[in-house]
Amino acid sequence: MLLTVCMLSSCFQERGNIEAVQAAASKALQVNSFRFEMLQEVVLPNVALPVLYEMKGEYAYPDKVITEITTHVGPDVKAHFVILRFGRGYFVKLPAETRAFYPGVKDWVAGSVDEIKASRFLKLLPEEVQDISQTISLIEAAGDEVSLRDYTALEKKGVNYVAHYVFALDAERLARGHAHGKFGLFASGGGEIWVGVDDLLRQMHVVLLGPTKAGGAARVDAKVNIRDHGAELSFRAPRQEDVTSFAALKNRFPDSFA
């Protein structure tokens, strides 16, 4: 067994740690499909309690994502969303509690990613928690000092050894990634990922900090589990009769989007 571990270790050590981390981020988003679970705790300005987001979904290259999201604000307040993205188009399935404020609006609201983000429509769903591709792309902001912490087996019965990397996020790279629309605006943070010898991302944990003065989250703590790499996935848009366009929603309820 020790020989096997050493042989696997040499695969990881053929290149630098920062290159290995960046390769894992690139491969996950560019040549892959997978299922995922994510748990995020978000501290928002002017919200007394942290908001907890339980998320599960599927991603397929190059631009399809579906995510079921249950939000928890305190012990008794929760809501369930579904977000489906095809390229730059969004479909958002609203919880019944939200639709009650918009009489006549159908189950799904459809619009472009840009117009929905610009509207602050999902006020308790900041952009940094909406999309697994945004979360994974944060790895691109890792600083050059990446440490290889250890090797471990995520599955007890196999030789499914993965490398465990730890890194700080670089402030300039965070700002550059935000400017390119990859993720929300953060000042600093750090993370760790678990990567197989096949460069596939297995797990991820990131902690991100402010700035709150820009209207974003004060702190985000995200834990991600990724599985079923290369799975055959199918994405289907909602039926037209179940969809209200975002433009129509704004026209009918202008005060909500002032």
For this session: Could you go through the side-chain contact (heavy atoms from CB on, under 4.5 Å) check for Lys27 and Leu200 one step at a time?
Result: CA-CA 7 Å; Lys27 190 168 185 178; Leu200 291 177; 4.0 Å; yes

If two hydrophobic side chains count as joined below 4.5 Å and joins carry through other members, does [X] share a cluster with [Y]?
X: Leu39; Y: Leu208; value: no
X: Leu233; Y: Phe91; value: yes
X: Val92; Y: Val105; value: yes
X: Met204; Y: Val207; value: no

Pairwise side-chain contact, [X] with [Y], heavy-atom cut-off 4.5 Å (strictly under):
X: Tyr165; Y: Ile193; answer: yes
X: Val109; Y: Tyr90; answer: no
X: Ser133; Y: Ile136; answer: no
X: Ser147; Y: Phe167; answer: no
X: Asp144; Y: Arg173; answer: yes
X: Trp108; Y: Thr244; answer: no
X: Ile132; Y: Gln134; answer: no
X: Ser26; Y: Val31; answer: no

Give me the atom names and distance for the closest heavy-atom approach of [X] to [Y].
X: Ala110; Y: Val243; value: CB-CG1, 3.4 Å
X: Asp242; Y: Lys106; value: O-CB, 3.4 Å
X: His229; Y: Phe34; value: ND1-CB, 4.1 Å
X: Ile18; Y: Gly143; value: CD1-O, 3.5 Å

Problem set entry | Single hit among Val195, Val146, Val166 for side chain to side chain contact (heavy atoms under 4.5 Å, CB included) with Val21 | Val146

Hey, is the main chain of [Y] close enough, under 3.5 Å, to the side chain of [X] for a donor-acceptor pair?
X: His80; Y: Ala96; value: no
X: Asp221; Y: Glu41; value: no
X: Thr71; Y: Lys78; value: no
X: His178; Y: Phe183; value: yes

Does [X] pair with [Y] as a salt bridge, N-O distance under 4.0 Å?
X: Asp107; Y: Arg99; value: yes
X: Arg227; Y: Glu37; value: yes
X: Glu192; Y: Arg149; value: no

Exercise. Should we count CD of Glu241 as having more than 12 external heavy atoms under 6.0 Å?
Worked result: yes

For this session: Look at the rings of Tyr102 and Phe253 and say which category their plane angle falls in: under 30° parallel, 30 to 60° tilted, over 60° perpendicular.
Result: perpendicular

Per-pair distances, 0.1 Å, donor-acceptor, side chain in residues 56-66, under 3.5 Å, sequence neighbours excluded:
{"unit_1": "Glu58", "atom_1": "OE2", "unit_2": "Arg35", "atom_2": "NE", "d": "3.2"}
{"unit_1": "Tyr59", "atom_1": "OH", "unit_2": "Leu29", "atom_2": "O", "d": "2.5"}

For this session: Return the set of residues passing side chain to side chain donor-acceptor pair (under 3.5 Å) with Arg252 (not counting sequence neighbours), or none when no residue passes.
Result: none

For this session: May I have the step-by-step check of side-chain contact (heavy atoms from CB on, under 4.5 Å) for His164 and Leu148, ending in yes or no?
Result: CA-CA 6 Å; His164 175 196; Leu148 177 56; 5.7 Å; no

For this session: Could you tell me which residues satisfy salt bridge (Lys or Arg N to Asp or Glu O under 4.0 Å) with Arg236, sequence neighbours excluded, listed by chain and number?
Result: none

Exercise. Going through the checks in order, is the side-chain contact (heavy atoms from CB on, under 4.5 Å) test met by Leu201 and Val224?
Worked result: CA-CA 10 Å; Leu201 190 60; Val224 185; over 6 Å; no

For this session: Check the pair Val82 / Ile69 against side-chain contact (heavy atoms from CB on, under 4.5 Å), numbers first and verdict last.
Result: CA-CA 6 Å; Val82 179; Ile69 306 171; over 6 Å; no

